[in-house]
Amino acid sequence: ENKMDRAERFTPREPSGDRVDRFTPRGGGDPRADRFTPREPSGGVISREGSFDAAFGGDAGMSYGLPDQVRQFILHLHEQLRAQNMYELAYIYDTTWPSLTEAYFKEEPWPDAQSIAPLVDNDPLFITLYRELYFRHIYGKLEVTLEQRIESYENYCDLFNYIVHNDGSADPVELELPNRWLWDIIDEFIYQFESFATYRVSRTADKTEQEIHLMQSHNRLWNVLIVLNVLHSLIDKSCINEQLEAYKRGEDPEDYAGDYGTKPLYKMLGYFSLVGLLRLHCLLGDYYQALRVMENIELNKKGLYSRVPACQVTVFYYVGLCYLMMGRYQDAVRTFSNVLYYILRMQSSSQHKLSGFVVQKKRTQLFHLLAIAITLSPQRIDEGVQQQLVDLCGDKMQKIQKGDMDVFEQLFMAGCPKFLIPSAPNFEDLSEDAKMEPYRLQANIFKNEMEQSLKLPLIRSYLKLYSTMPIEKLAAFCNLSVEEFRIHLHQYKHKSNQLTWVEGTALDGVRIPSVDVDFYLDNDMIHIADVKVARNFGEFFVHSIQRVMQNGP
């Protein structure tokens, strides 16, 4: 399959540039009229069309009812977008937009695009970007209707079609946006796909017949292949993999960037799309492919992901999840503890306000997954991270060290993402808890692995207390027969010899013993050796000095 075929799948326009209604045949009058009648919003939310103007005493579809501060904000945003003033756009996006949302639109949507279009001379690019913000606010704060899900999907198609194809031109678009805005576009695109996939398999009783019929007859709506093709098209257009490979070889990445990859818009969207693919493959349960996507990103060095805190946290969260699900617990501990140290450091700095809800949510999930990984592969981590881990999960860690499977599952449920079913369900035979099926599938895989490792923390705790011991005596301590205990000793040897990253890509690794206690059997006697390596104090002090130089005293 060539690149053009892949890109054309999500193209929402005809060659003329007219908007294509992808959900009902074109006919006379309003192309949206026959879609379906949206339900009345609940909870006091004002309906979309004309709601803002009506609330402020203006006419529906006009902009005269806007508060002066909001009107000036839209005019200023449009002016700065046309001028491509990155410093001011970053301030508007990070500060002004959230503050106005809190002041005026905490419990209702921003004015729709039709209402603000006269203020910006019907600028199509501005309206597309504004609608992306508009729908993102609805997803984050309000109840989303199926019509809004459809319109947001169409708007993303318009935006990505403009960026990738530029209305048929061979030249890249002349547009630049702040890195955080670009990251949020990719992140929200995947989130809305995730939200729709969950909504599609939710209870049939919560949907009208029209909504069910619409989803049955239009299976391309938020189709997983289209989402994947959008991300791959952005990656191909930017030549980001070629640039990253050149950087690792010590060459100039711009020599491999092409006409598109030299533009910051394409370069960053391509890079963020790699992270988006990492996340998407994890949600689909393909952990090998998820890590393979990251083969050109060096996680042991400061990369482009560090320009946006939420991106950095997302990268390490999903890479750590892959390691955990693949049984590479030593790598999982290292990945989780590194990003948690970064979050703790960020929370004590001026970047705390920019960390956002996503980082705060991921912080809690990271601690729960770290509790699992560090129990199965004990090792030294940063003292600040260790203290917060004990405060948050100390009691549960004590229980899983004793082999409590229920607590293992509780930690996994609290730490894992919302796994997805990528295909459309059979709406006529949809169970009440169908949306939990992807989680149950991944949880069963996790439980099967944990059941093999259930007794290992307990065995390790006893091994640390003795230098020699009869097998029969240690088996009695663990409430196991001698035959069962021998099986668990073999499992201990096998599980402790893990694939661990040393150098290369995220998938690479070498077999390294990951325990601090080892043993060998001499007939019915266990001989135990403490293999814990003495701490290298020189390296410790050098590391501490470097940390102080980076962060201050």
**Student:** Applying salt bridge (charged side-chain N to carboxylate O under 4.0 Å, His left out) as the test, list every pair that has at least one member in residues 253-277; sequence neighbours left out.
**Tutor:** E174-K263

**Student:** Would you say the side chains of Y323 and Q330 form a donor-acceptor pair under 3.5 Å?
**Tutor:** no

**Student:** May I have the step-by-step check of side-chain contact (heavy atoms from CB on, under 4.5 Å) for R292 and Y288, ending in yes or no?
**Tutor:** CA-CA 6 Å; R292 188 178 178 185; Y288 178 87; 4.3 Å; yes

**Student:** To the nearest 0.5 Å, what is the distance between SG on C416 and NE2 on H368?
**Tutor:** 11.0 Å

**Student:** About how many Å separate CE of M326 and CD of E449, when rounded to the nearest 0.5 Å?
**Tutor:** 11.5 Å

**Student:** Closer than 3.5 angstrom, by distance alone: can the side chain of N166 be matched with the main-chain N or O of D171 as a donor-acceptor pair?
**Tutor:** yes

**Student:** Side chain of D121, backbone of D123: donor and acceptor closer than 3.5 Å?
**Tutor:** no

**Student:** Side chain of Y162, backbone of V173: donor and acceptor closer than 3.5 Å?
**Tutor:** no

**Student:** Rounded to the nearest 0.5 Å, how far apart are CG of L81 and CD of E176?
**Tutor:** 11.0 Å

**Student:** Between the side chains of Q69 and Y104, does any donor sit under 3.5 Å from an acceptor?
**Tutor:** yes

**Student:** Would you find a donor on one side and an acceptor on the other, under 3.5 Å apart, between the side chain of S337 and the backbone of V333?
**Tutor:** yes

**Student:** Let me confirm one number: the OH-CD1 distance from Y329 to I372, rounded to the nearest 0.5 Å.
**Tutor:** 9.5 Å

**Student:** Between W501 and T505, is there a donor-acceptor pair closer than 3.5 Å when you use the side chain of the first and the backbone of the second?
**Tutor:** yes

**Student:** Look at D112 together with R131 and state whether they make a salt bridge at an N to O cut-off of under 4.0 Å.
**Tutor:** no

**Student:** side-chain contact (heavy atoms from CB on, under 4.5 Å), that's the test. Do H78 and L75 meet it? Break it down for me.
**Tutor:** CA-CA 5 Å; H78 182 233; L75 291 170; 5.8 Å; no

**Student:** W110 vs F73, test: ring-ring contact (aromatic ring centres under 6.0 Å, His included). Steps then yes/no.
**Tutor:** CA-CA 12 Å; W110 274 74; F73 164 76; 5.6 Å; yes

**Student:** How many angstroms lie between CG in L269 and OH in Y260, if you round to the nearest 0.5 Å?
**Tutor:** 13.5 Å

**Student:** Is there a side chain to side chain donor-acceptor pair (under 3.5 Å) between Q442 and Y287 once you walk through the steps?
**Tutor:** CA-CA 11 Å; Q442 298 301 319; Y287 306 108; 2.7 Å; yes

**Student:** Using the side-chain contact (heavy atoms from CB on, under 4.5 Å) rule, take I381 and L340 through it: C-alpha gap first, then chi angles, then the decisive distance, then the call.
**Tutor:** CA-CA 10 Å; I381 59 175; L340 282 168; over 6 Å; no

**Student:** How about S195 and R149: does a side-chain donor come under 3.5 Å of a side-chain acceptor?
**Tutor:** yes

**Student:** Sub-3.5 Å donor-acceptor pair from the side chain of H76 to the main-chain atoms of R71, do we have one?
**Tutor:** no

**Student:** Report yes or no: does S306 contribute a side-chain atom to a donor-acceptor pair with the main-chain N or O of G303 at less than 3.5 Å?
**Tutor:** yes

**Student:** Against Q365, only a single residue in R363, K361, K362 fulfils side-chain hydrogen bond (donor to acceptor under 3.5 Å, both in side chains); can you say which?
**Tutor:** K362

**Student:** May I ask you to test the T145-Q148 pair for a side-chain heavy-atom distance under 4.5 Å?
**Tutor:** yes

**Student:** When you check the side-chain N and O atoms of E188 and Q192, is any donor under 3.5 Å from an acceptor?
**Tutor:** yes

**Student:** Determine, using ring centers only, whether Y305 and F316 are less than 6.0 Å apart.
**Tutor:** yes

**Student:** Which residue pairs satisfy the salt bridge (charged side-chain N to carboxylate O under 4.0 Å, His left out) criterion with at least one member in residues 315-329, sequence neighbours excluded?
**Tutor:** R328-D331

**Student:** Between atom CG of L77 and atom CD of Q72, what is the distance when rounded to the nearest 0.5 Å?
**Tutor:** 12.5 Å

**Student:** Whether the D184 and Y93 side chains hold a donor-acceptor pair (N or O, under 3.5 Å, no angle test) is what I'd like checked.
**Tutor:** yes

**Student:** Counting N and O atoms only, with roles assigned by atom type, does the side chain of N155 sit under 3.5 Å from a partner on the main chain of E151, one being a donor and the other an acceptor?
**Tutor:** no

**Student:** Does S238 use its side chain to pair, donor to acceptor, with the backbone of L234 at less than 3.5 Å?
**Tutor:** yes

**Student:** Can the ring centres of Y156 and F189 be said to be less than 6.0 Å apart?
**Tutor:** yes

**Student:** Please confirm whether the backbone N or O of G276 pairs with a side-chain atom of S273, one donor and one acceptor, at under 3.5 Å?
**Tutor:** no

